[in-house]
Amino acid sequence: MTLASDALDRVLVLEMVRVTEAAAIAASKLIGRGDKDGADAAAVEAMRAALNQLPMDGIVVIGEGERDEAPMLYIGEKVGSAQGSGPQIDIALDPLEGTDLTASGGPNALAVLAIAERGGLLNAPDTYMQKLAVGPGYAEGVIDINKSPADNVHSIAHAKGVNPGDIIACVLDRPRHAEIIAELRSLGCGIMLIPDGDVAGAMATADPGTGIDVYMGTGGAPEGVLAAAALRCVGGQIQGKLVFRNDDEVARARRWGIDDLDRIYAIHDMAKGDCIFAATGVTDGSLLKGVHRTKSCITTETLVMRASSGTVRRVATEHYRLGSKRSL
């Protein structure tokens with residue numbers, strides 16, 4: 001049997017680009033059409049088909065939900081063309097992060113995927129997670145999810161050598177975040193409110209071009225694992241704590257082996273060992289260009305990163321239709 005670490009070298013870095021490209025292109029056909037479920041289904045189908053072409057023994061640990069809720073790419077689904085013989089790979093995915101954004105033509109919709117050696121990714125239940133994330137360049141411990149937003153802003157500002165009012169925070173625009181937003185504004189912080197897409201929000205802390213210093217708030221737990229994989233690759237930090245709204249969500253967490261319901265998850269708890277993260281833009285955004293079409297060509301932009309090497313690649317691809325000629 002091929003070792004997973006060998007397989008990450010041998011097969012899967014650029015193959016991940018092809019997988020997220022396929023999902024993004026499929027979803028892009030429904031940009032602005034008001035059909036978020038149709039766009040998600042198209043992305044799921046394309047990503048599943050692409051994954052099943054890869055010579056690996058893969059299992060989905062973060063997917064579209066549990067088997068009874070998601071006919072394709074559900075948690076526990078096996079993918080890859082080498083089941084039982086290929087490298088054993090854990091997969092976390094969101095074929096369309098930003099379904100509402102795609103339906104409305106909004107920015108920052110992505111097709112997202114992370115892979116790791118078996119056991120490398122947290123099998124997070126499909127519940128909420130409180131998250132706190134910063135990009136690279138900070139000492140360990142600069143953020144603490146148990147402290148208030150104000151305390152964390154003061155800590156980040158001190159580490160940067162700036163005033164708290166100079167810090168820019170990214171927060172999902174949800175009623176549940178009203179107190180966080182009020183506390184940040186009392187410090188004079190800038191706030192970038194996003195309607196959806198908290199993987200992109202957490203990733204933005206690692207891109208100096210966005211101006212975002214910190215991501216905070218509560219979103220999906222699966223998206224927290226994807227964000228952790230991305231930040232692992234660039235040296236960022238993220239902490240998460242599962243949030244349960246009812247007994248059913250607690251029972252779901254226990255089914256996935258989570259006994260400590262109050263645990264604080266650090267980045268290495270969510271994504272450990274070597275891992276690869278890939279994201280392809282569906283709609284134009286602050287991190288990536290979206291899918292664009294001409295008469296003969298489809299263009300995509302993908303970010304692909306690897307933890308063990310620290311490499312970050314931006315892959316711009318021109319997909320020419322059969323029979324079309326490339327203009328010079």
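Nothing here was measured: the structure is a model prediction, and the numbers come from that model.
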- Item | H268 side chain near R232 side chain, heavy-atom distance below 4.5 Å | yes
- Message: Please check if the number of heavy atoms outside R293 that lie under 6.0 Å from its CZ is greater than 12.
- Response: yes
- Query: Are D90 and R118 close enough for a salt bridge, meaning some N to O gap below 4.0 Å?
  - Reply: yes
- Message: Against I91, only a single residue in I59, V61, L113 fulfils side chain to side chain contact (heavy atoms under 4.5 Å, CB included); can you say which?
- Response: L113
- Message: Less than 4.5 Å apart, side chain to side chain, heavy atoms only: is that true for T294 and Y320?
- Response: no
- Message: Does this structure show an ion pair linking E45 with R48, if we count only N-O contacts that are shorter than 4.0 Å?
- Response: no
- Message: Between L303 and I298, is there shared hydrophobic-cluster membership here, with clusters defined by ILVMFWY side-chain heavy atoms closer than 4.5 Å?
- Response: no
- Determine, for Y128 and R245, whether the Lys NZ or Arg CZ falls below 6.0 Å from the six-membered ring centre while staying within 45 degrees of the axis. yes
- Charged N-O contact under 4.0 Å between D269 and R263: yes
- Side-chain contact, heavy-atom cut-off 4.5 Å: T302 with R313? no
- Message: Is there a side-chain contact between E318 and T300 in this structure, where contact means two heavy atoms from C-beta onward sitting under 4.5 Å apart?
- Response: no
- D100 vs T102, side-chain contact (heavy atoms from CB on, under 4.5 Å): CA-CA, chis, key distance, verdict: CA-CA 5 Å; D100 288 331; T102 303; over 6 Å; no
- Nonpolar side-chain network containing I181, other nodes, edges under 4.5 Å: L132, V134, Y138, V142, I143, I145, V153, I156, V162, I167, V171, I180, L184, L187, I191, L193, V214, M216, I264
- Please write out which residues are connected to L96 in a hydrophobic cluster, directly or through intermediates, given that two of Ile, Leu, Val, Met, Phe, Trp, Tyr count as joined at side-chain heavy-atom separations below 4.5 angstrom. I31, V282
- If you group Ile, Leu, Val, Met, Phe, Trp and Tyr by side-chain heavy-atom gaps below 4.5 Å, do Y265 and L121 land in one group? yes
